[in-house]
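As the structure lists them, so they are numbered: ligands from 1, and atoms in each ligand from 1. The structure displayed is predicted, hence computed values, not measured ones.
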Amino acid sequence: MDKEITNIIKAGKICSDVKKWVISNSLVIKGVPLIDIAEKIENKIIELGGKPAFPVNTSINEVAAHYTPYFDDKSIAHGLIKIDFGVHVDGWAADNAISFDLENSQENKKLIESASKALATAIEIVQNKKDKTSTFELGSVIQSSIQEDGFIPIINLSGHSIDHFDLHSGITIPNISQKSSSQQLDDGLFAIEPFVTLSSASGRVYDGKPSGIYQIKNLKNVRSPTAREILNYINEEYGTLPFCSRWLYKKFGSKAFIALKELESNGIVHQYDQLIESSKCKVAQAEHTILINEGKVIITTE
Ligand code: MN
Ligand code: MN
């Protein structure tokens with residue numbers, strides 16, 4: 001257990017250091033290519049002794065999540081941008097996100113503040129409760145905090161428990177009051193992540209274009225030697241954590257795309273879709289990872 005906690009704390013510290021570095025170096029400013037932001041963060045994580053737990057997400061405005069730059073991405077930073085990144089140390093992950101307003105928009109700033117406030121309120125509940133917190137309590141305080149600000153949460157995006165090499169390990173922390181599926185938070189690792197949008201929005205995301213973010217689903221034999229070679233590499237480098245076509249292109253060139261197509265059509269890897277707010281309203285996000293250890297709460301990514 002001690003070794004695990006050491007890795008959990010180390011991953012969180014790297015996450016936190018990278019976040020401070022991103023802010024103090026003004027990495028996320030209007031007009032900067034998204035691919036530069038993503039690669040600088042991924043390289044910094046490695047420089048500090050961690051590995052990216054998943055490809056850096058740079059989702060803009062109504063794209064709530066799951067946008068990572070393609071290998072030849074030309075998009076530039078603008079609007080309300082969510083930088084969601086994670087670090088793992090020997091498979092133990094820290095997951096966090098920060099939102100930036102690149103338009104000097106009061107509305108964007110309020111959405112971002114609302115997400116941060118909802119996150120802080122939820123974490124306080126876990127820290128201050130004498131007994132175990134339920135996911136129902138967390139969803140309820142997140143929802144009411146956001147509604148107090150005149151906004152609404154995204155209903156079908158949520159926080160999650162984290163386990164070894166497993167970013168979404170079973171427990172869901174909703175961003176709305178949801179009594180039916182409530183669970184108690186025992187000792188463990190949890191990401192809390194409110195997503196906030198305008199009250200006029202539908203408050204739901206739908207699956208958009210393929211993201212280029214993949215994950216091994218079902219490790220089995222594959223016919224072509226190239227796909228087999230690339231699958232072996234994926235399995236060794238990323239295991240069951242998410243990866244992206246941009247990373248594989250860097251290592252293997254364009255044959256990575258052919259291999260990924262084969263692996264996807266054989267059900268060996270799953271490709272995630274971008275998640276888009278269905279009324280095309282902009283979305284802000286805040287996220288921290290907390291460790292509950294013998295009832296004591298540590299915000300690993302603070
Ligand atoms: Mn995240
Ligand atoms: Mn998360």
Would you check if the Mn ion (ligand 2) lies under 2.8 Å from any N, O or S atom of H160?
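Here the distance criterion (N, O or S atom, under 2.8 Å) is met by H160, so yes.
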D101 and salt bridge (charged side-chain N to carboxylate O under 4.0 Å, His left out): which single residue from K82, K30, K282, K109 fits?
K109
Below 4.0 angstrom, N of the basic side chain to O of the carboxylate: do E264 and K217 qualify?
no
Over 60° means perpendicular and under 30° means parallel, so classify the ring planes of Y238 and Y233, tilted if in between.
perpendicular
In D95, the N, O or S atom nearest to the Mn ion (ligand 2) is which?
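Among the N, O or S atoms of D95, the one closest to the Mn ion (ligand 2) is OD2.
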For the Mn ion (ligand 1), find the closest N/O/S atom on D84 and give its atom name.
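Closest N, O or S atom of D84 to the Mn ion (ligand 1): OD1.
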Donor-acceptor contact present, side-chain D163 to main-chain D166, <3.5 Å:
no
Please report, to 10°, the angle around the Mn ion (ligand 2) from atom OE2 (E287) across to atom OE2 (E193).
90°
